[in-house]
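These notes concern the structure reproduced below.
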Amino acid sequence: MKMKIVVLAKQVPDTRNVGKDAMKEDGTVNRGVLPAIFNPDDLNALELALTIKDKLKDVEITVITMGPTRAADIIREAIYRGADKGYLLTDRKFAGSDTLATSYALSKAVEKIKPDLVVCGLQAIDGDTAQVGPQIAEKLRLPQVTYVEKLESVDNKQMLLTRRLERGVETVSVPFPALITVHSSAAPCRPKHAKRMLKYKHAHTTTELQEQHRDYTDMFKEKPYLHIEEWNTEAVGADEKHLGLGGSPTKVKEIESVVLVQKESKRFTEKDQDIDQLMKELLETRVIG
Amino acid sequence: MKNIFVYCELTEEHRIADVSLELLSKGKKLADKLNVDLEAVVLGVQLDNAFEQLRSFGVSTIHYADDKQLFPYKTLTHAKLVQALFEKEQPEIVLFGATSVGRDLAPRIASALRCGLTADCTNLVIGNHVDERKNQNYENLLYQIRPAFGGNIIATIINPETRPQMATVREGVMKLEPQAVKNNPVKKKIDVSLLKPMDEVVKILHRHIEPPKVNLKAAQIMVAGGYGMGSKENFQILYELADLLGAEVGGTRAAVDAGFCGHERQIGQTGVTVRPKLYIACGISGAVQHRAGMDQSSKIISINTSIHAPINAIADYVVVGDVMKVIPKMMQSYKKQIK
């Protein structure tokens with residue numbers, strides 16, 4: 001029987017390039033103004049899923065991402081790298097969701113696929129919480145293995161996985177179905193495949209094509225693999241009251257800009273006599289030595 | 001009821017982890033402020049040392065289970081017992097260490113209890129909240145304070161409606177402050193008969209745990225490098241300076257991500273928090289997440305080519321220059337002057 005794997009991936013603002021308008025007034029992230037990338041740990045997660053497919057062959061990898069229309073980029077990129085298909089979970093009702101509401105929406109989407117395995121990145125660089133994976137596992141009543149660094153072996157019944165912990169490693173066995181989260185130290189993702197890029201570069205969601213005023217009905221009929229399906233609240237059978245700001249137990253009370261109070265500091269240049277002076281002062285005040 | 005709970009992690013040596021003791025220290029202050037009790041949860045085996053340690057932190061009750069199914073930590077066994085305990089005890093606040101255990105367990109519990117959880121808090125404060133839209137006052141909420149997105153802001157997160165209010169905190173963020181007088185907490189045994197074979201589906205086959213290699217928290221002097229160090233090769237000079245001064249070497253997240261040094265050396269909100277006598281920041285611009293992990297250092301030297309680096313604002317000494325020139329000169333000058 002074909003094994004089904006779901007990889008959960010997130011499009012994240014590239015927090016290495018953050019400008020001033022990064023936050024909206026309600027304290028949520030203004031994603032519009034930042035370059036958007038494939039969350040790094042989620043690429044490690046995709047690679048792990050692809051490795052399982054290499055070994056077991058009869059495996060279908062579905063990528064699910066939750067986000068606005070432009071997050072369809074994540075599905076395309078995952079398909080270029082070897083995923084079989086993807087769904088974009090998108091709805092205005094998701095806006096402002098915290099990790100609990102997000103995990104609820106994603107768990108409803110995963111339920112539609114009924115996979116043997118869910119693979120997520122350990123954490124996303126825009127929040128670093130590492131919470132969504134375990135929360136989805138709980139909602140789906142799945143065992144979880146977090147901090148996965150390496151797939152040691154896999155057959156149709158179970159996997160052996162090595163986890164990267166603070167002070168060492170731990171190897172565990174876990175039967176299917178299960179959810180795992182993959183650490184950044186795991187194998188990096190294989191590159192985009194040129195042939196797959198050619199085949200799938202016109203894969204789009206209906207909304208994307210509507211925005212470009214293109215007629216898509218014939219194209220999707222002829223080449224259904226180019227249709228990236230969009231799922232909204234109704235499509236996954238989610239209950240609105242658990243979504244968005246209303247479904248989020250955590251609220252942002254306030255956002256404070258950090259104002260640095262300038263300390264009285266002594267300035268030095270890199271000239272020899274300046275450095276001598278600095279070291280002399282440190283030694284005299286017994287800060288060093 | 002309405003008490004503050006700390007999930008206490010056990011180390012390989014069956015002692016309570018420092019991060020948990022730090023949370024108990026903070027938890028005691030919050031409990032005093034709210035006029036409630038502080039309670040501890042300990043699951044594992046060989047708990048005698050842990051019980052003794054817990055006498056120094058003002059804990060009223062220890063909820064414990066001593067059973068071989070509970071050590072080493074496994075998600076499902078711990079999650080089931082902790083969830084059942086919280087459903088019964090209805091804590092007001094629960095604190096977890098932001099470790100590979102706490103970050104595995106806390107979200108699973110939060111999902112089961114449908115309560116809020118804030119990761120990597122750098123401060124926890126009790127305060128009130130007025131919701132003007134609902135025209136409702138909330139008293140004595142836990143303000144979960146953390147640097148957020150991008151780093152130039154500090155966010156205060158609250159959970160007005162749901163209980164418990166849960167937060168994770170990294171090691172070193174809160175101060176470890178034992179009480180002056182020891183007490184004898186009440187010990188309440190947790191019923192492990194709840195555990196079923198299905199909670200044991202994940203099996204630990206092999207563990208290789210090493211003693212901690214670097215102890216950044218204990219260092220009196222910290223030499224830390226940022227992305228501005230330029231390369232892993234350049235980073236080596238920091239080890240030379242550290243050897244000379246008897247210091248430890250740390251790095252910013254950017255330096256760790258760039259591969260200049262290992263994760264275990266990361267200083268900041270998602271790394272270790274340090275409070276050394278002297279902090280030498282080399283090629284570090286000073287994002288708020290980094291400063292959160294070092295701004296309580298007694299003296300700070302910043303070495304940076306830019307006079308506008310944010311870290312200069314909190315530095316006692318600012319050297320404007322190229323680290324690769326400045327550090328050799330510092331070493332030379334130091335050797336000359338201690339003769």
Residue I158(B) versus chain A: region with a heavy atom under 4.5 Å: both
Check ion pair E152(A)-K150(A) (N to O, under 4.0 angstrom): yes
Non-hydrogen side-chain atoms of L278(B) and Q220(B) separated by less than 4.5 Å: no
Any donor-acceptor N or O pair under 3.5 Å, side chains R103(B), Y147(A): yes
Residue part contacting chain A, namely of A315(B), when any heavy atom lies under 4.5 Å: backbone
Partner chain A: residue of G116(B), A155(B), G321(B), A112(B) with the largest heavy-atom pair count (under 4.5 Å): A112(B)
Most contacts with chain B, counted as non-hydrogen pairs under 4.5 angstrom, among D272(A), V174(A), T269(A): D272(A)
Which atom of K80(B) lies closest to which atom of K196(B), heavy atoms considered: NZ-CG, 3.9 Å
Nearest atoms (heavy-atom pairs only) where L117(B) meets A167(B): CD1-N, 3.9 Å
Structural part of E161(B) lying under 4.5 Å from a heavy atom of chain A: neither
Portion of L142(A) that has a non-hydrogen atom of chain B nearer than 4.5 angstrom: backbone
Under 4.5 Å from any heavy atom of chain B - which part of T162(A): neither
Which of K251(A), K271(A), E281(A), K280(A) touches chain B most, by non-hydrogen pairs under 4.5 Å: K251(A)
Crowding at OH, Y227(B) (>12 non-hydrogen neighbours, <6.0 Å): no
Ion pair check, R141(A) and E138(A), cut-off under 4.0 Å: yes
Region of K203(B) in contact with chain A, defined by heavy-atom distances below 4.5 Å: both
Top contributor to chain A interface from E12(B), H263(B), E264(B), R114(B) [non-hydrogen pairs under 4.5 Å]: R114(B)
Pairs of heavy atoms under 4.5 Å with chain A: top-ranked of K277(B), Q165(B), M330(B): M330(B)
Per-residue contact mode, K74(B) against chain A (heavy atom under 4.5 angstrom): neither
Greatest number of heavy atom pairs closer than 4.5 Å to chain B - which of K266(A), K139(A), Q123(A), E264(A): K266(A)
Exam field: side chain N39(A) to backbone V12(A), donor-acceptor pair closer than 3.5 Å: no
Partner chain B: residue of L122(A), V145(A), I288(A) with the largest heavy-atom pair count (under 4.5 Å): I288(A)
Among the listed options T168(B), T99(B), L105(B), the residue most often paired with chain A at heavy-atom distances under 4.5 Å: T99(B)
Nearest atoms (heavy-atom pairs only) where Q135(A) meets P107(B): CG-O, 3.1 Å
Lys/Arg N to Asp/Glu carboxylate O, R253(B) vs D257(B), below 4.0 Å: yes
side-chain hydrogen bond (donor to acceptor under 3.5 Å, both in side chains) between S185(A) and E149(A), worked out: CA-CA 6 Å; S185(A) 62; E149(A) 183 174 70; 2.6 Å; yes
Residue among D316(B), T162(B), N159(B) with most heavy-atom pairs under 4.5 Å to chain A: D316(B)
Choice from L282(A), I136(A), D98(A) maximising heavy atom contacts with chain B below 4.5 Å: L282(A)
Test: D239(A) and K108(A) ion pair at under 4.0 Å: no
R146(B)/I154(B) under side-chain contact (heavy atoms from CB on, under 4.5 Å): CA gap, chis, key distance, verdict: CA-CA 6 Å; R146(B) 62 170 305 199; I154(B) 302 279; over 6 Å; no
Proximity breakdown for S302(B) and chain A, heavy-atom pairs closer than 4.5 Å: neither
Structural part of K299(B) lying under 4.5 Å from a heavy atom of chain A: side chain
Contacting region of T270(B) [heavy-atom separation from chain A under 4.5 Å]: side chain
Selection from H206(B), R207(B), R108(B) maximising heavy-atom pairs under 4.5 Å formed with chain A: R108(B)
Contact origin within I209(B) toward chain A - heavy atom pairs under 4.5 Å: both
Nearest heavy-atom neighbours spanning G133(A) and T181(A): CA-CG2, 4.1 Å
4.5 Å side-chain heavy-atom contact, P147(B) and Q289(B): yes
Short side-chain donor-acceptor distance under 3.5 Å, E240(A) and H242(A): no
Engaged part of I275(A) at the chain B interface, taking heavy atoms whose separation is under 4.5 Å: both
Part of I109(B) lying under 4.5 Å from any heavy atom of chain A: neither
Residue part contacting chain A, namely of D322(B), when any heavy atom lies under 4.5 Å: both
Taking every non-hydrogen atom, the tightest pair across V223(B) and C282(B): CG1-SG, 4.2 Å
Candidate pair V320(B) and E270(A), rule side-chain contact (heavy atoms from CB on, under 4.5 Å), full reasoning: CA-CA 7 Å; V320(B) 180; E270(A) 60 184 39; over 6 Å; no
Check: S333(B)/Q337(B) side-chain N/O donor and acceptor closer than 3.5 Å: yes
Contact origin within D104(B) toward chain A - heavy atom pairs under 4.5 Å: both
Part of L245(B) lying under 4.5 Å from any heavy atom of chain A: side chain
Contact listing (chain B partner; residues 163-173 of chain A; heavy atom under 4.5 Å): R163(A), L165(A), E166(A), R167(A), G168(A), V169(A), E170(A), T171(A), V172(A), S173(A)
Residue among L161(A), D276(A), T129(A) with most heavy-atom pairs under 4.5 Å to chain B: D276(A)
Non-hydrogen atoms of G97(B) and V19(B) that approach each other most closely: CA-CG2, 3.8 Å
